[in-house]
Amino acid sequence: MSENSTNLTGITDSRYALMAAFVHGFIAIFGTLTNAVVMLTYLKWRRTMFETPRDLLIFTLALADCITSLFVAPIGMAASIAGRWSSGRAGCVWYGFVSTWMGLASILQLTGIAAERYFTLAHPDLRWSGICKKYARLFIALAWLVSGLTSTCPLFGWSKYDLEGIGLHCSIVWSASTLNYGSYSLFLLVFFFVIPLGLIMYFYTNVYFVVRRLSSEAESLWGADDMATRQTYIAQVKVARQLVLLTGMFLFAWTPYAVMSFISVANIIKPDKKTSVLPAVFAKMSYVYNPLVYFFTFKRLRRRSIQLFKRSTVQWRTNDM
């Protein structure tokens, strides 16, 4: 993730190129497929599925991941198969711009989902509130606008998009070799990783304590062996598992990339170009497992997705006869 030259033709290590081709191909196929299933499920049952702010956030998160999987990953796969960057300067800028925009938008929307979980649990009267959904739409619009404007900065001279790692994908220049590069890199690290991570941890910690308080209140009102108490306890365990899963996946996806980027910016060590491929791979794999996380976490989405699959299978078999 150190500063790269603008040479877009250098041949790279064949083993790493093969790995990068596999990863980009996997993201292009399964990232597009899984996120498309999520979006189609919401669109199929849009009258009932878009009832809460969380549903709006999950849909737009799937949209961002699908755009990257469909319009960016194939470019990286083509470069990996060729063993060199094969899409020219314009392709590099496109790859870097769309990846950055969708990645930043996804981080903000993951933060929004954490906030929605807290506010709807702490204030149940807001759950079905039209005002709450109005604010959710406003937040989504601002998340896409802010991340989009931030991603255009390298196009106008604040940092730039260039080859990264072994030269099979493009990103901003993670370097402090100049004030221009360093200031933009630090801006992204602070406002699109450190602060969102802090907010996610804050909201999910408070969600846990809210559910724990509800469980204690249920026990004091109805007793430890009452059905309502047991149901509240089950809900507490379920929420705790969700928090561990959602927070863990966020950290798994973005922490290695953020740490490697910080090391590059702070010039603590000079990362090996081959080693620096791995954090970028972890971050991009989130486009595949984000929809899987929400599929297994949220019951209604899972039930409707399975129903959509069954209907599609029956229709396909009917047409095939």
Side-chain angles (χ1 to χ4, degrees), residues 35 38 42 50 52-68 98-123 126-127 129 131-151 153 185-211 239-259 261-262 279 282-295 297-298 301:
N35 286 289
V38 172
Y42 274 106
F50 288 111
T52 67
R54 180 191 64 201
D55 296 315
L56 297 171
L57 287 160
I58 292 176
F59 178 82
T60 53
L61 177 63
L63 175 61
D65 290 347
C66 189
I67 288 173
T68 308
V98 176
S99 296
T100 302
W101 186 5
M102 297 299 108
L104 298 183
S106 295
I107 290 173
L108 293 181
Q109 287 173 111
L110 287 169
T111 308
I113 290 172
E116 187 274 343
R117 288 286 76 201
Y118 167 68
F119 285 115
T120 55
L121 280 173
H123 306 282
L126 294 177
R127 182 170 300 178
S129 171
I131 296 177
C132 194
K133 287 198 287 186
K134 179 181 179 181
Y135 281 123
R137 295 188 187 98
L138 178 61
F139 174 83
I140 291 169
L142 286 175
W144 281 74
L145 177 62
V146 170
S147 57
L149 291 175
T150 301
S151 303
C153 292
S185 299
L186 287 173
F187 171 76
L188 290 188
L189 285 171
V190 171
F191 288 96
F192 289 91
F193 179 76
V194 175
I195 293 178
L197 177 60
L199 289 172
I200 287 173
M201 298 292 288
Y202 170 80
F203 285 126
Y204 281 150
T205 300
N206 279 278
V207 164
Y208 174 76
F209 284 118
V210 167
V211 176
V239 168
R241 288 175 178 172
Q242 288 180 350
L243 303 189
V244 171
L245 181 61
L246 297 175
T247 306
M249 289 297 97
F250 179 88
L251 292 173
F252 179 80
W254 295 105
T255 299
Y257 194 79
V259 170
S261 302
F262 175 78
F282 280 129
K284 288 181 173 60
M285 285 299 293
S286 66
Y287 304 139
V288 177
Y289 62 68
N290 269 342
L292 297 179
V293 168
Y294 294 113
F295 177 84
T297 302
F298 300 115
L301 174 60

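Hydrogens, waters and symmetry mates play no part in the numbers below; they use all other heavy atoms, side chains included.
Listed by chain and number, the residues in a side chain to side chain donor-acceptor pair (under 3.5 Å) with Thr60 are Gln109 (sequence neighbours excluded). Phe50 pairs by the ring pair (Phe, Tyr, Trp, His ring centres under 6.0 Å) definition with Tyr42, Phe59, not counting sequence neighbours. Residues passing the side chain to side chain donor-acceptor pair (under 3.5 Å) test with Thr111: none are found, sequence neighbours excluded. Taking Phe187 as the reference, Trp158, Phe191 meet the ring pair (Phe, Tyr, Trp, His ring centres under 6.0 Å) condition, with sequence neighbours excluded. Residues passing the side chain to side chain donor-acceptor pair (under 3.5 Å) test with Ser106, sequence neighbours excluded: Asp65.
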Apply side-chain contact (heavy atoms from CB on, under 4.5 Å) to residues Phe139 and Lys134 and explain how you reach the verdict. CA-CA 9 Å; Phe139 174 83; Lys134 179 181 179 181; over 6 Å; no
CA sep, side-chain torsions, deciding dist, call: Val146, Phe192, side-chain contact (heavy atoms from CB on, under 4.5 Å): CA-CA 11 Å; Val146 170; Phe192 289 91; 4.1 Å; yes
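Contact between Leu189 and Phe262 at its shortest, heavy atoms only, is CD1-CA, 3.9 Å. Between Phe203 and Ala114, the shortest heavy-atom contact is CB-O, 3.5 Å. Residues Glu116 and Pro53 share a closest heavy-atom pair of CG-CB, 3.8 Å. Closest heavy-atom contact between Ser286 and Ala283: OG-O, 2.6 Å. Contact record, Tyr287 with Asn35: O-ND2, 2.8 Å, taken as the closest heavy-atom pair.
How far CG of Leu199 is from CD1 of Ile107: 12.5 Å, rounded to the nearest 0.5 Å. Rounding to the nearest 0.5 angstrom, the gap separating the OH atom in Tyr202 from the OH atom in Tyr118 is 5.0 Å. Distance check: Asn290 CG to Leu110 CG gives 5.5 Å after rounding to the nearest 0.5 Å.
Among pairs with a residue in residues 282-294, none fulfils salt bridge (Lys or Arg N to Asp or Glu O under 4.0 Å), at least two apart in sequence or across chains.
Between Val38 and Leu61, the closest side-chain pair of non-hydrogen atoms is not below 4.5 Å. No side-chain heavy atom of Tyr294 sits less than 4.5 Å from a side-chain heavy atom of Leu57. In this structure, Tyr289 and Phe252 have side chains that are in contact, with non-hydrogen atoms separated by less than 4.5 Å.
For Met285, the CE atom counts as densely surrounded, since its 6.0 Å shell holds more than 12 non-hydrogen atoms of other residues, nucleotides or ligands.
No donor-acceptor distance shorter than 3.5 angstrom exists from the side chain of Trp101 to the backbone of Thr150, with no hydrogens or angles considered.
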